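All remarks here apply to the structure that follows.
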Amino acid sequence: MNASPATFLELDDSAYTRRRLDLLRTRGSDRQREFLSQVRDSADFVEAFADVRRRGSTSAALAPYPMTESEYKDPPGDTEQDLHASWSALTPAVACRSAFWAMVTLDHIRKGRIQSVYLAANGGSLPGGAERIDAVLQDKTLEAPRRIDSCVRTVLRRLGGLPEVRGNRSVYVDCPFARAWWRERIVAQAAGGDDRSARQVRRVVRIHQTYWEKLVDRIVFRNSTFGSTNIRNALLRTLAQFLSANPDSDLSTYQSFQRLCRRTTAYQGRLEMSILSDSELDELMVAVVKNAADSTG
């Protein structure tokens with residue numbers, strides 16, 4: 001039987017928020033340097049948060065296997081599927097909280113599924129977390145405070161998101177574990193149990209990080225139109241089908257995706273789409289996507 005969402009173990013939100021603010025108070029401070037030294041060792045990093053109060057009683061499941069640094073930074077699609085399955089008991093009310101994902105990440109470090117240095121790694125093929133920490137701590141230039149602060153912010157974003165800087169969207173975008181859950185939730189909702197559609201939508205939400213960020217911004221946070229799950233699902237299904245057949249379309253760029261969302265919102269202004277049936281929505285979205293593609297081509 002799944003645990004009640006209210007019982008999942010997480011950091012106390014107020015205490016954790018104060019800890020983040022304390023770490024961000026002064027660029028390049030001794031406090032930030034000490035923190036990065038703790039990130040360099042997983043046991044020290046876990047201990048650095050031992051005094052932050054906990055709430056709840058039931059730990060969320062761990063990833064089924066240890067992860068490499070590259071797998072953690074940008075999990076492959078099948079890994080994100082496995083992670084989402086591990087956390088099938090979660091609800092959106094839990095999965096949107098930075099304090100919850102920080103606890104999940106700390107548990108993974110404590111149990112050796114990931115190492116704390118992974119949190120400091122830059123994106124892509126840039127140096128890994130350990131190399132980055134060593135480099136910024138040894139930096140004696142005028143840029144050192146900025147680089148140290150940037151590294152601390154990366155760690156906090158990966159740990160559970162950094163709402164103070166980027167709002168709640170940081171949880172969806174910056175924390176790899178949270179991002180995996182939300183991506184797969186959106187995939188499952190849009191696909192409605194159809195495996196082929198799920199594969200197509202999964203490719204869309206994983207085009208690249210900026211595309212995912214714009215998708216979250218447009219269909220999760222600016223939800224005057226996409227507050228209707230049916231409208232969002234119809235758009236994503238249709239877009240996914242179109243890009244599967246037209247992989248070189250400009251609609252695979254985030255700028256064109258934003259224009260597509262604006263067009264959808266304009267249609268909503270003329271027609272109350274939320275009252276349409278799923279088949280009517282799908283038919284309408286085919287026209288919306290085609291018109292958007294023609295206008296960018």
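All of these numbers come straight from a predicted model, not from anything done at the bench.
The cationic group of Arg183 lies under 6.0 Å from the six-membered ring centre of Trp212 and within 45° of the ring axis, placing it in a cation-pi geometry. Annotation: cation-pi geometry not satisfied between Arg218 and Phe221 (NZ/CZ under 6.0 angstrom from ring centroid, within 45° of ring axis).
Looking only at distances, no side-chain donor or acceptor of Ser197 sits under 3.5 Å from a matching main-chain atom of Gly193. At least one donor-acceptor pair closer than 3.5 Å links the side chain of Thr238 to the backbone N or O of Ala234.
The pair Arg169-Asp174 fails the salt-bridge criterion, with no side-chain N (NZ, NE, NH1 or NH2) lying under 4.0 Å from an Asp/Glu carboxylate O. A salt bridge is absent between Arg202 and Glu80: the closest approach of a Lys/Arg side-chain nitrogen to an acidic carboxylate oxygen does not fall below 4.0 angstrom. Ion pair Arg40/Asp44 not flagged as a salt bridge, since none of the NZ, NE, NH1 or NH2 atoms sits closer than 4.0 Å to an Asp/Glu carboxylate oxygen. Using a cut-off of 4.0 Å between Lys/Arg side-chain N and Asp/Glu carboxylate O, Arg110 and Asp107 are scored as salt-bridged. A salt bridge between Arg25 and Asp22 is present, with a side-chain N of the basic residue lying under 4.0 Å from a carboxylate O of the acidic one. Salt-bridge annotation for Asp282 and Arg237: present, with a side-chain N of the basic residue lying under 4.0 Å from a carboxylate O of the acidic one.
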For ring pair (Phe, Tyr, Trp, His ring centres under 6.0 Å), just list the numbers for Trp101 and Trp182, CA-CA rounded to whole Å, side-chain angles, deciding distance to a tenth of an Å, and then say yes or no. CA-CA 12 Å; Trp101 290 110; Trp182 281 103; 8.7 Å; no
Show your reasoning for whether salt bridge (charged side-chain N to carboxylate O under 4.0 Å, His left out) applies to Arg153 and Asp149. CA-CA 6 Å; Arg153 288 168 185 265; Asp149 182 72; 2.6 Å; yes
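Applying the salt bridge (charged side-chain N to carboxylate O under 4.0 Å, His left out) test to pairs two or more places apart or on separate chains, those with a residue in residues 55-71 are Glu10-Arg55.
A 6.0 Å sphere centred on CD of Glu283 holds no more than 12 heavy atoms belonging to other residues, nucleotides or ligands. Enclosure of atom CD in Glu47 is not indicated, since only 12 or fewer non-hydrogen atoms of other residues, nucleotides or ligands lie within 6.0 angstrom.
Ring geometry, Phe100 versus Phe8: the interplanar angle exceeds 60°, so the pair is classed perpendicular (tilted spans 30 to 60°). In this pair, Phe45 and Phe35 present their aromatic rings tilted. The plane angle is within the 30 to 60° band. Between His84 and Trp181, the ring planes are tilted. Angles from 30° to 60° get that label.
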